[in-house]
Amino acid sequence: MDLVNEEEVLKNWCAVDGNVAGIIESLRNLFGKLKLHGPALGYNITKCHLITKDSSLHKAKDLFKDEDVELMGGHCTLGSVIGSSEACHTFQSSKLTKMRTS
């Protein structure tokens, strides 16, 4: 597993889904390691969402420009949302609406 390790990156794996958090350069390094060494270890990147702060979006676009990575301002993962304030507000509003109509 050291082949696909990257310092300064927090990792959370749940069955076949993985989530990582860290600075963009470290995430890019980990992504490259997973693409290179992952398949031999049973890790295949089939879909990847990169959730960034607005201030990091341009850097993320540059670092991941040649990769099949979807850049997002927010995304629901493991039953909750992470990302921008707008994405969190939208998620909370949809949950409240569902609660009120149930």
Side-chain angles (χ1 to χ4, degrees):
M1 226 21 211
D2 285 340
L3 292 174
V4 291
N5 195 25
E6 183 69 26
E7 293 204 23
E8 300 179 359
V9 173
L10 300 172
K11 296 173 251 357
N12 180 25
W13 298 96
C14 182
V16 296
D17 289 327
N19 295 288
V20 296
I23 60 172
I24 291 207
E25 292 84 359
S26 295
L27 295 176
R28 180 61 182 97
N29 290 338
L30 179 63
F31 184 84
K33 290 176 182 181
L34 280 170
K35 278 186 66 175
L36 181 63
H37 302 291
L41 301 169
Y43 297 102
N44 295 298
I45 299 174
T46 57
K47 62 181 176 179
C48 187
H49 307 286
L50 179 61
I51 303 162
T52 67
K53 296 177 182 177
D54 291 339
S55 60
S56 301
L57 185 58
H58 292 294
K59 185 181 275 191
K61 284 181 180 179
D62 184 50
L63 288 174
F64 287 87
K65 67 181 174 222
D66 297 324
E67 302 296 345
D68 186 20
V69 173
E70 184 178 356
L71 299 176
M72 314 177 92
H75 186 68
C76 188
T77 181
L78 298 175
S80 188
V81 71
I82 56 173
S84 68
S85 295
E86 181 181 338
C88 292
H89 178 71
T90 300
F91 177 79
Q92 290 169 344
S93 294
S94 69
K95 287 290 186 182
L96 286 172
T97 300
K98 286 180 185 177
M99 286 175 51
R100 290 179 186 138
T101 59
S102 310

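All values below come from the heavy atoms of this structure, side chains included, with hydrogens, waters and symmetry mates left out. Residue numbers start at 1 and run along the sequence shown.
- Minimum interatomic distance between C88 and G83 (heavy atoms only, all atoms of both residues): SG-O, 3.9 Å.
- For the salt bridge (charged side-chain N to carboxylate O under 4.0 Å, His left out) test, no residue two or more places apart in sequence or in another chain qualifies with D68.
- With respect to D62 and K59, no salt bridge is recorded, no charged nitrogen being found less than 4.0 Å from a carboxylate O.
- Connection of F64 to L36 is not established within any shared hydrophobic cluster, with ILVMFWY side chains joined at heavy-atom distances below 4.5 Å, either directly or through further cluster members.
- Atom-to-atom distance recorded for T52:OG1 and L63:CG is 11.0 Å, nearest 0.5 angstrom.
- Atom-to-atom distance recorded for K61:NZ and L50:CG is 11.5 Å, nearest 0.5 angstrom.
- Scanning both residues, L71 and A60, for their nearest heavy atoms gives CD2-CB, 4.1 Å.
- In terms of hydrophobic clustering, with Ile, Leu, Val, Met, Phe, Trp and Tyr side chains grouped at heavy-atom distances under 4.5 Å, L41 and F31 are assigned to a common cluster.
- Note on V69: it clusters hydrophobically with L30, by side-chain heavy-atom contacts below 4.5 Å among ILVMFWY residues.
- If you chain together hydrophobic residues whose side chains sit under 4.5 Å apart, I24 and L34 fall into the same group.
- Rounding to the nearest 0.5 Å gives a distance of 10.0 Å between CZ of F91 and CG of L96.
- One finds the CD atom of E86 at 5.5 Å from the OG1 atom of T90 (value rounded to the nearest 0.5 Å).
- Under the salt bridge (charged side-chain N to carboxylate O under 4.0 Å, His left out) criterion, K35 pairs with E67, not counting sequence neighbours.
- Shown here for G73 and A87, the closest heavy-atom pair between the two residues is O-CB, 4.1 Å.
- To the nearest 0.5 angstrom, M72 atom CE is 10.0 Å from I82 atom CD1.
- In this structure, H49 places its NE2 atom where more than 12 heavy-atom neighbours from other residues, nucleotides or ligands lie under 6.0 Å away.
- In terms of hydrophobic clustering, with Ile, Leu, Val, Met, Phe, Trp and Tyr side chains grouped at heavy-atom distances under 4.5 Å, L27 and I45 are assigned to a common cluster.
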